[in-house]
Visitor: 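Could you have a look at this structure, given as structure tokens, before my questions?
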Amino acid sequence: DLHWQAPFVQVFALSYSPWKLIAAFPPEQRLDLAGQGMALATTRMRASLYLRPETALPLDRFDAVIEGASLRGDAGWALGFASANASLIAQEGGARAALRLLDVVPDQALTGAVQDVLPATLQRIDFLADLDFEGPLALRSPATLQALRLQEAHLVWGDLRVTASGDLRPDAAGLAEGRVTLRVEGWQTGLAAAERAGLVPPQFQTALRSVLENLAAQSPEAGLLTLPLV
């Protein structure tokens, strides 16, 4: 469940083109996601929704931008980022989705644990994906996601650089199935950070490092780890 609370929100539309909407959000908002309460503060947050003037109001384009954002959870964690841009553009048979976050500052508990191997700021997270729907994506007619083709995704955090691509679709139970290939540069740095953050139990660290070294040795590119996830 998602609950949202704000002192106001402004929505603008031209009288002769009411299917094109622009929303401006306040600098302070409250979110509750699956029982986790959090406060969102931004210096700028805008979104635009363009629909096509047809009965079902099909999507033409959605864009959003957030700047100077900080999230603080009621449980004590915090997260910030300099900017985020998101878009969803209709195309034949579905839509193209894109997201980019720049200068992400994770919670201090994480950055403090990995400060000797990774910088305090994560430079970039982004992805570009094509979404296939059963039927048109429209405001008045819900569409079911049939497939997701991840064209590219990137995570850049100091010496750690991860790229991903692949295809996913829902199985009979509605869970994701498919294959995604990860390419990891600086995987030794990433493993060291995972160990310091307590994500790898001490009794498994030696075995995991040995497995990753063997996989990296099979890569045609020196220092690159390729991980196909099925």
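The chain is numbered in sequence order, starting from 1. Quick caveat: nothing in here was measured; it's all calculated off a predicted structure.
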Visitor: Let me confirm one number: the CD-OG1 distance from Q218 to T226, rounded to the nearest 0.5 Å.
Guide: 10.0 Å

Visitor: Please find the pair of heavy atoms, one from P136 and one from A143, that lie closest to each other, and give the distance.
Guide: O-CB, 3.6 Å

Visitor: Excluding sequence neighbours, so at least two apart, what forms side-chain hydrogen bond (donor to acceptor under 3.5 Å, both in side chains) with Q91?
Guide: D130

Visitor: Flag the pair W4 / Q29 as yes when at least one side-chain heavy-atom distance between them is below 4.5 Å, and no otherwise.
Guide: yes

Visitor: Set out, in order, the CA-CA distance, both residues' side-chain angles and the distance that settles salt bridge (Lys or Arg N to Asp or Glu O under 4.0 Å) for R30 and D74, then state yes or no.
Guide: CA-CA 11 Å; R30 284 284 305 175; D74 295 345; 2.9 Å; yes

Visitor: Tell me if the CD atom of Q108 is crowded by more than 12 foreign heavy atoms within 6.0 Å.
Guide: no

Visitor: Counting C-beta onward and ignoring hydrogens, is there a side-chain heavy-atom pair between D126 and L101 closer than 4.5 Å?
Guide: no

Visitor: For side chain to side chain contact (heavy atoms under 4.5 Å, CB included), just list the numbers for K20 and F12, CA-CA rounded to whole Å, side-chain angles, deciding distance to a tenth of an Å, and then say yes or no.
Guide: CA-CA 8 Å; K20 296 180 180 180; F12 305 93; over 6 Å; no

Visitor: Of all heavy-atom pairs between A86 and L99, which one has the smallest distance, and what is that distance?
Guide: CB-CD1, 3.9 Å

Visitor: In this structure, are over 12 heavy atoms from other groups packed under 6.0 Å from Q5 atom CD?
Guide: no

Visitor: Are V117 and L199 linked, directly or through intermediate hydrophobic residues, by side-chain heavy-atom contacts shorter than 4.5 Å (ILVMFWY only)?
Guide: no

Visitor: Looking at A113 and A197, what are the two nearest heavy atoms and their distance?
Guide: CB-CA, 4.2 Å

Visitor: With heavy-atom distances below 4.5 Å as the criterion, would you say the side chains of R61 and L59 are in contact?
Guide: no

Visitor: Are L225 and L212 side-chain neighbours, meaning at least one heavy-atom pair lies under 4.5 Å?
Guide: yes

Visitor: Can you measure from CG (D60) to OH (Y50) and round to the nearest 0.5 angstrom?
Guide: 9.5 Å

Visitor: Would you mind reporting whether N214 and S210 have side-chain heavy atoms less than 4.5 Å apart?
Guide: yes

Visitor: Roughly how far, to the nearest 0.5 Å, is CG of L137 from CG of L57?
Guide: 12.0 Å

Visitor: Looking at D132 and R149, is there a salt bridge between them, counting it only when a charged N and a carboxylate O are closer than 4.0 Å?
Guide: yes

Visitor: Start with the C-alpha gap between D1 and D32, add the side-chain angles, then the distance that decides, and say whether side chain to side chain contact (heavy atoms under 4.5 Å, CB included) holds.
Guide: CA-CA 8 Å; D1 292 340; D32 190 297; over 6 Å; no

Visitor: Measuring from D107:CG to L79:CG, what's the distance to the nearest 0.5 Å?
Guide: 8.0 Å

Visitor: Give the minimum heavy-atom separation between W187 and R209, together with the two atoms involved.
Guide: CH2-O, 4.4 Å

Visitor: For the residue pair R124 and L155, establish whether any side-chain heavy-atom pair is separated by less than 4.5 Å.
Guide: no

Visitor: Does T42 use its side chain to pair, donor to acceptor, with the backbone of G68 at less than 3.5 Å?
Guide: no

Visitor: Are I89 and L150 connected, step by step, through hydrophobic side chains (Ile, Leu, Val, Met, Phe, Trp, Tyr) whose heavy atoms are closer than 4.5 Å?
Guide: no

Visitor: I'd like to know if L128 and V162 are part of one continuous hydrophobic network [Ile/Leu/Val/Met/Phe/Trp/Tyr, side-chain heavy atoms within less than 4.5 Å].
Guide: no

Visitor: Under 4.5 Å between any side-chain heavy atoms of P58 and R52, yes or no?
Guide: yes

Visitor: So for atom CZ, which belongs to R72, do other residues, nucleotides or ligands contribute more than 12 heavy atoms lying within a distance under 6.0 Å?
Guide: no

Visitor: How close do A120 and T111 get, counting heavy atoms only, and between which atoms?
Guide: O-CG2, 3.6 Å

Visitor: Do the non-hydrogen side-chain atoms of V11 and I22 ever get within less than 4.5 Å of each other?
Guide: no

Visitor: Please, which pairs that meet salt bridge (Lys or Arg N to Asp or Glu O under 4.0 Å) have at least one residue in residues 175-191, sequence neighbours excluded?
Guide: R183-E221

Visitor: Go through it in stages, so that I can follow the logic: the residues are V65 and E67, the test is side chain to side chain contact (heavy atoms under 4.5 Å, CB included), and I'd like the CA-CA distance, side-chain angles, deciding distance and then a yes or no.
Guide: CA-CA 7 Å; V65 59; E67 296 175 352; 4.3 Å; yes

Visitor: Measuring from atom CG of D63 to atom CG of L49, what distance do you get when rounded to the nearest 0.5 angstrom?
Guide: 9.5 Å

Visitor: Under 4.5 Å between side-chain heavy atoms, counting indirect links through other Ile/Leu/Val/Met/Phe/Trp/Tyr residues: same cluster for L31 and F81 or not?
Guide: yes

Visitor: For a quick test of reading the model, state the closest non-hydrogen atom pair linking F8 to P26 and the distance between them.
Guide: O-CD, 3.0 Å

Visitor: Show your reasoning for whether side chain to side chain contact (heavy atoms under 4.5 Å, CB included) applies to R196 and Q115.
Guide: CA-CA 9 Å; R196 285 163 173 75; Q115 62 183 347; over 6 Å; no

Visitor: Could you tell me if Q123 and W157 have a donor-acceptor pair between their side chains, going purely by distance under 3.5 Å?
Guide: no

Visitor: Other residues, nucleotides and ligands only: do more than 12 of their heavy atoms fall within 6.0 Å of CZ on R100?
Guide: no

Visitor: Determine, using the 4.5 Å side-chain heavy-atom cutoff (strictly less than), whether F127 and L148 are members of one ILVMFWY cluster.
Guide: yes

Visitor: As an exercise, state the distance from CD of Q146 to CZ of R169, rounded to the nearest 0.5 Å.
Guide: 7.5 Å

Visitor: Let me know which of L118, V114, V184 forms a side chain to side chain contact (heavy atoms under 4.5 Å, CB included) with T189.
Guide: L118

